[in-house]
Amino acid sequence: MSHALKIAGASKAFDGRPALRRASFACDWGEVHALLGENGAGKSTLMNVACGLYAPDEGTIAVDGQPAAITAPADAARLGIGMVHQHYKLVKRFTVAENIVLACRSALGVRRPRDAAEAVASKAAEVGFDIDPDAVVGDLSIAEQQRVEILKVLLLGARILILDEPTSVLTDQESVAALSFMRRLAEDGHAVVLITHKLREVIGYSSRVTVMRGGETVLAGAETAGMDAETLARTMVGEEGEMAERHARTLGEVRLRVEELSVRGAGGIGVEDVGFAVRGGEIYGIAGVGGNGQQELADALTGLRPPARGRIAIDDDEMAGRDVPAFRRRGMRAVPADRFRTGLLAELAVYENHGVTGVPAGEYGNPALVRRGAMKAAAAGAIDAYNIQGAAPATLSRLLSGGNAQKLLLARELRGEASVLIAHSPTRGLDVSACRTVHDLLQGAADAGTACVLISEDLEEVLSLSTTIAVISRGRLVGEFAAGEVSRAEIGRLMLGHA
């Protein structure tokens with residue numbers, strides 16, 4: 001039987017920096033094939049070559065055993081290749097049907113939302129999705145938006161389905177549903193490529209696995225059965241390593257105090273009567289299932305959203321209701337959940353993103369006449385200090401992998417002295433090595449006396465890093481414990497609202 005998709009000897013460089021080095025990949029019909037590797041390993045770049053977003057500098061592609069010339073996404077679509085990207089390509093203000101008209105007008109001949117709605121309803125029923133064609137995309141959950149993207153590529157005739165980190169922003173339950181659906185697609189004869197860095201997904205859902213490191217294929221099409229996480233991790237990172245472990249440190253005075261804080265949510269759960277205090281050198285971990293008020297809390301603590309009532313004090317200065325610049329002047333620093341939506345400007349260069357927060361303070365001269373040379377020099381130092389791979393000061397930030405973009409964000413936010421650091425899901429979508437780096441940086445900030453608030457849906461992350469552990473459920477803190485004084489089962493029970 002011919003391979004569904006085969007890529008051989010693929011090389012690709014951006015601005016002289018190699019992203020792929022004679023990489024290879026082959027998947028078969030009827031399988032879920034995991035493509036595993038660290039952020040920046042070349043996984044997404046290789047699949048972007050397959051779907052026509054990038055033209056390889058060298059290498060060949062074959063689809064169903066036949067040589068394929070793929071120079072644009074339309075070529076890939078005609079060959080039955082469809083990719084669901086990590087950042088969805090949907091117009092939030094449009095309905096599901098209107099988005100389908102935009103994407104499938106030429107291929108399906110649908111010119112009106114009514115026609116598209118019929119196509120959506122038919123395909124959704126076929127694959128077992130519950131999607132309202134008339135729903136506004138911006139009102140849908142992340143998991144529902146992902147289903148719309150999957151429907152879109154299936155309606156375009158995809159038989160080879162590539163999913164880029166499909167569970168990175170899903171809850172555990174949503175992830176299981178998405179991965180189970182992928183397996184059903186494979187059983188129906190599709191070829192499914194699962195781009196991931198999560199070892200449990202590889203072991204639990206794939207038939208075979210290909211591992212990339214540094215733009216090269218280091219393990220090609222190995223049977224997943226019998227594989228263990230340790231072997232996969234060692235192959236992926238090239239060295240043994242573990243996540244950071246919590247370590248003792250001397251705590252200082254209270255630097256962040258929150259009392260009776262209530263924040264209105266945007267159509268969902270907000271925050272009600274939340275109170276806690278964080279001392280210098282402390283990592284205050286807040287665990288919880290997504291959608292229980294974490295975003296509203298993070299927004300209030302960073303000045304993005306005014307509270308309905310309550311108190312926020314940084315080093316005893318009242319901050320509730322003040323704007324973001326005021327919070328930053330008082331020493332608040334933030335790592336948002338969506339690094340490219342609210343943390344970095346994707347179309348700006350690395351040096352601009354690194355230096356933008358220093359411009360108002362005059363770090364690079366008069367804000368009206370910025371010394372860009374100084375900004376570039378500072379960014380070059382940060383690139384070296386934080387090991388931001390694939391970056392030069394003038395590199396567009398959107399070209400960085402997720403892990404390296406997060407390093408850039410942390411390099412900017414941890415410049416100088418920070419009183420308080422609010423880190424919301426700081427390792428979401430990152431691989432083992434990048435997670436370790438981020439954890440080390442958070443530990444370093446706490447060691448320097450910063451009061452750190454870690455808001456995360458990753459319970460392992462909270463347990464391994466936090467000095468104090470709190471649980472948020474339905475907008476309230478339902479428990480607070482010193483590290484080591486509460487069981488994982490108890491935290492899980494509180495997270496699920498069964499207290």
Side-chain angles (χ1 to χ4, degrees), residues 3-14 17-28 31-51 53-62 70 81 83-86 160-168 191-203 205-224 227-241 387-391 399-406 429-437:
H3 293 301
L5 173 66
K6 182 177 181 180
I7 304 173
S11 296
K12 180 66 178 177
F14 297 98
R17 296 174 179 271
L20 297 175
R21 304 170 187 267
R22 298 196 58 78
S24 61
F25 176 83
C27 68
D28 294 331
E31 73 168 350
V32 175
H33 193 123
L35 182 55
L36 180 69
E38 297 183 81
N39 285 97
K43 312 183 299 295
S44 297
T45 302
L46 185 63
M47 289 300 106
N48 280 329
V49 165
C51 71
L53 285 175
Y54 297 149
D57 298 332
E58 60 178 334
T60 61
I61 305 173
I70 300 177
I81 301 172
M83 185 168 178
V84 176
H85 297 270
Q86 189 171 358
I160 300 169
L161 192 64
I162 304 166
L163 297 109
D164 191 359
E165 303 286 0
T167 66
S168 64
V192 179
V193 181
L194 171 62
I195 304 175
T196 186
H197 60 265
K198 297 181 179 179
L199 305 181
R200 64 179 180 275
E201 293 181 0
V202 174
I203 294 170
Y205 292 91
S206 70
S207 307
R208 292 191 298 145
V209 58
T210 291
V211 181
M212 294 186 69
R213 186 172 70 240
E216 300 179 341
T217 302
V218 295
L219 180 68
E223 295 284 342
T224 305
M227 279 272 185
D228 61 80
E230 182 180 348
T231 300
L232 283 173
R234 189 164 54 247
T235 305
M236 182 173 70
V237 303
E239 60 183 45
E240 295 188 18
N387 191 27
I388 305 173
Q389 298 179 13
L399 297 178
L400 298 180
S401 69
N404 287 302
Q406 196 75 323
L430 304 188
D431 57 63
V432 174
S433 179
C435 285
R436 188 166 62 244
T437 298

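With values rounded to the nearest 0.5 angstrom, Leu194 atom CG is found 7.5 Å from Thr167 atom OG1. Distance check, rounded to the nearest 0.5 Å: CE of Met83 to CD1 of Ile162 gives 6.0 Å. Ile388 contributes atom CD1, which lies 11.0 Å from atom CD of Gln406 (distance to the nearest 0.5 angstrom). Going from atom CD1 of Ile61 over to atom CD1 of Ile81 covers 7.0 Å, rounded to the nearest 0.5 Å. Put simply, CD1 on Ile160 and SG on Cys51 are 11.5 Å apart, with the number rounded to the nearest 0.5 Å. For the atom pair CZ (Arg213) and OG1 (Thr235), the distance works out to 7.5 Å, reported to the nearest 0.5 Å.
Between Met212 and Leu35, the closest side-chain pair of non-hydrogen atoms falls below 4.5 Å. For the pair His85 and Asn48, the minimum side-chain heavy-atom distance is below 4.5 Å. Side-chain contact check for Phe14 versus Thr45: some heavy-atom pair is nearer than 4.5 Å. With a 4.5 Å cut-off on side-chain heavy atoms, Glu31 and Thr224 do not count as touching. Side-chain atoms of Met47 and Phe25, non-hydrogen and from C-beta on, do get closer than 4.5 Å to each other.
Although no hydrogens or angles enter the test, the distance criterion places a donor-acceptor pair under 3.5 Å between the side chain of Asp57 and the main chain of Ala13. Although no hydrogens or angles enter the test, the distance criterion places a donor-acceptor pair under 3.5 Å between the side chain of Ser11 and the main chain of Arg22. Side chain of Asp164 to main chain of Ile195: no donor-acceptor pair is present (N/O by atom type, distance under 3.5 Å, no hydrogens or angles). Of the possible polar contacts, none joining the Thr217 side chain to the Ala23 backbone as a donor-acceptor pair under 3.5 Å is found.
A pairwise comparison of heavy atoms in Asp28 and Ala191 identifies O-CB, 3.4 Å as the closest pair. A pairwise comparison of heavy atoms in Ile7 and Ala50 identifies CD1-CB, 3.9 Å as the closest pair. Shortest non-hydrogen contact noted between Met227 and Leu232 is SD-CD2, 3.9 Å. Heavy-atom minimum distance, Lys43 versus Leu36: CD-C, 3.5 Å. Across all their heavy atoms, Asp228 and Thr231 have their closest contact at OD1-N, 2.8 Å. Taking every heavy atom of both residues into account, Gly221 and His33 meet most closely at CA-CE1, 3.8 Å.
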Item checked: side chain to side chain contact (heavy atoms under 4.5 Å, CB included) between Thr60 and Lys6, worked out -> CA-CA 8 Å; Thr60 61; Lys6 182 177 181 180; over 6 Å; no
